[in-house]
Amino acid sequence: MPELPEVETTRRLLEQALVRKRIVSAEVRRPRMVRRHENPGDFVARVTGRTILALRRHGKFMLADLTQDITWVTHLGMSGRVSLARTGEPEPAHTNVVVRVGGGVEMRLVDPRTFGFVAAYTRDELGASPLARLGPDAYESLPSAEELEAQLAARTAPIKPLLLDQTVVAGLGNIYADEALHRAGIAPDRPGGSLTLDELRRLRRSIRTTLDAGLRWGGTSLDDLAYLLPDGRAGEFASRLLVYGREGEPCRRCGTDVKKAVMRQRGTHWCPNCQR
DNA sequence: ACCTCCCTGGCC
DNA sequence: GGCCAGGGAGGT
């Protein structure tokens, strides 16, 4: 589940291996994984020979600043992960994109469902890309309760899909949105505009606490192990989840059965007693 | 401000 | 065999 903690954990491990390295070659095995280019060759041509100056993150997008004002963007989608390896080591199935740097190290983008993607933007293209429409990063730039209140004031949509929208805050996905709402004691179907300032203060704190916890444990690897850290280890946050994936199990706070319903086509988990 | 669709693998 | 899954874009 690549959401903010998984992408950030991935970014931190990649940073040590990739920053200040020159991209020696790149390979695209699944053309579909390269978005917003006429053909995959354009991505390869734009990144090859350039040096990685910095590795950043905004929401669930990972951004590598390359020399000559090119930004290499990676998104892990639903089922993507990154594997860091030495060239020649056995490849995991569904290794769809490979980027090699000096020293025989390569970054492999592994993604069975191919909902993830890479792209290489010029400065102008980046400004016109979907990235430009992201809200503030939920971890680095979490808005104040007052700012959240202003953003949500006129919104009638339920708070859960608003948290997934990426325009109010960027980086929460289906797991961490459910977790943060539980921690805040707010029901997922509450209209966004109905949250009081006090509730928004709780929500804000809960987002921070939830993301911190996810990061501390290396993110959430579910049973299918679709998400793994770049070194192949599993994230250990799954066993500490409060509500996600715990339908019918007792709420860790009050013992009430955790409920699950579908909201805007996404499974939504909450405690009907703790969350109002 | 909604749905629908994009894919594949794993589970029932 | 059908259903479900971490996300986002695109169209209505």
Side-chain angles (χ1 to χ4, degrees), chain A residues 1-10 29-37 57-62 73-82 92-97 109-119 121 125 128-135 138 151-181 189 191-193 210-211 214-215 217-229 234-248 260-269:
Chain A
M1 19 313 35
E3 303 180 26
L4 192 153
E6 290 74 32
V7 178
E8 176 62 14
T9 300
T10 297
R29 276 76 173 280
R30 290 289 301 267
R32 193 183 121 77
M33 295 288 293
V34 176
R35 305 287 163 78
R36 295 176 269 280
H37 290 278
R57 183 191 53 73
H58 188 169
K60 303 170 199 173
F61 290 75
M62 196 161 57
V73 173
T74 303
H75 196 291
L76 299 177
M78 291 266 266
S79 56
R81 67 184 171 94
V82 164
H94 309 291
T95 296
N96 296 336
V97 178
L109 180 53
V110 180
D111 186 1
R113 290 173 75 183
T114 66
F115 288 178
F117 62 87
V118 293
Y121 292 115
E125 289 166 352
S129 77
L131 267 158
R133 273 177 265 122
L134 289 179
Q151 281 290 310
L152 296 173
R155 309 295 293 267
T156 57
I159 186 64
K160 162 77 186 278
L162 288 173
L163 291 178
L164 296 182
D165 180 84
Q166 308 299 303
T167 60
V168 179
V169 290
L172 296 178
N174 207 35
I175 297 176
Y176 293 93
D178 281 359
E179 294 295 296
L181 285 169
D189 62 351
T210 300
L211 294 176
L215 273 167
W217 296 101
T220 308
S221 294
L222 298 181
D223 290 344
D224 61 7
L225 297 182
Y227 166 74
L228 296 171
L229 276 63
E236 295 174 353
F237 192 56
S239 60
R240 293 173 170 79
L241 292 172
L242 302 173
V243 287
Y244 184 88
R246 300 190 65 246
E247 179 184 15
K260 177 181 179 185
V262 175
M263 184 173 290
R264 301 284 204 278
Q265 349 286 29
R266 311 303 299 276
T268 297
H269 313 72

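We use all heavy atoms of the structure for the numbers below, so side chains are in, but hydrogens, waters and symmetry mates are not. Every chain is numbered from 1 and lettered A, B, ... according to where its sequence line falls, protein lines coming before strand lines.
- Remark: the A/Y227 side chain and the A/E3 side chain contain no N/O donor-acceptor pair separated by less than 3.5 Å.
- The side chain to side chain contact (heavy atoms under 4.5 Å, CB included) search around A/T74 returns A/M62, A/W72, A/L76, A/M107, A/L109, A/V118, not counting sequence neighbours.
- Taking atom P on both C/dG8 and B/dG9, the two are 22 Å apart, rounded to the nearest angstrom.
- Listed by chain and number, the residues in a ring-ring contact (aromatic ring centres under 6.0 Å, His included) with A/F61 are A/H75 (sequence neighbours excluded).
- The distance from atom CD of A/E247 to atom C1' of C/dA5 is 14 Å, rounded to the nearest whole Å.
- A/R81 comes within 4.0 angstrom of no nucleic acid atom, judged by non-hydrogen atoms across all strands.
- Contact footprint of chain A on DNA chain B: nucleotides with an atom under 4.0 Å from a non-hydrogen protein atom, first to last in 5' to 3' order, B/dA1 to B/dG9.
- Across the interface with DNA chain B, nearest-nucleotide mapping of A/D223 and A/R32 shows A/R32 to be the residue nearer the 5′ end.
- No donor-acceptor pair under 3.5 Å is formed between the side chain of A/E236 and the backbone N or O of A/A234.
- Between A/K260 and C/dC4, a side-chain N or O to OP1/OP2 separation shorter than 4.0 Å is absent.
- Under the side chain to side chain contact (heavy atoms under 4.5 Å, CB included) criterion, A/S129 pairs with A/Y121, A/L126, A/L131, not counting sequence neighbours.
- In terms of the side chain to side chain contact (heavy atoms under 4.5 Å, CB included) criterion, residue partners of A/N96 (sequence neighbours excluded) are, by chain and number, A/R30, A/M33, A/H94, A/D111, A/T114.
- For A/E8, the side chain to side chain donor-acceptor pair (under 3.5 Å) partners are A/R11, A/R12, A/R57, not counting sequence neighbours.
- Residues satisfying the salt bridge (Lys or Arg N to Asp or Glu O under 4.0 Å) test with A/E125, not counting sequence neighbours, are A/R46.
- Heavy-atom nearest nucleotides on DNA chain B were determined for A/R155 and for A/R30, and the one closer to the 5' end corresponds to A/R155.
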Measure all distances between protein nitrogen or oxygen atoms and nitrogen or oxygen atoms of nucleotides 8-11 of chain C, and list the pairs falling under 3.5 Å.
{"from": "C/dG8", "atom 1": "OP1", "to": "A/H75", "atom 2": "NE2", "distance (Å)": "3.0"}
{"from": "C/dG8", "atom 1": "OP2", "to": "A/K60", "atom 2": "NZ", "distance (Å)": "3.0"}

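- Rounded to an integer number of Å, the gap from OH of A/Y244 to P of C/dC4 is 13 Å.
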Dot-bracket for DNA chain C, please, read 5' to 3', with Watson-Crick or G-U wobble pairs under 3.5 Å on both distances, ( ) within the strand, [ ] crossing, | other strand, . unpaired. |||||.||||||
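- Applying the ring-ring contact (aromatic ring centres under 6.0 Å, His included) criterion to A/H269, with sequence neighbours excluded, gives A/Y244.
- Judged as a side chain to side chain contact (heavy atoms under 4.5 Å, CB included), and not counting sequence neighbours, the contacts of A/A261 are A/W270.
- Atoms CE (A/M62) and C1' (C/dG7) sit 15 Å apart, rounded to a whole Å.
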I'd like a table of donor-acceptor pairs (distance under 3.5 Å, sequence neighbours excluded) in which one partner is a side-chain atom from residues 152-161 of chain A, with atom names and distances.
{"from": "A/K160", "atom 1": "NZ", "to": "A/N174", "atom 2": "OD1", "distance (Å)": "2.7"}
{"from": "A/K160", "atom 1": "NZ", "to": "A/D178", "atom 2": "OD1", "distance (Å)": "2.9"}
{"from": "A/K160", "atom 1": "NZ", "to": "A/G267", "atom 2": "O", "distance (Å)": "3.3"}
{"from": "A/K160", "atom 1": "NZ", "to": "A/T268", "atom 2": "OG1", "distance (Å)": "2.9"}

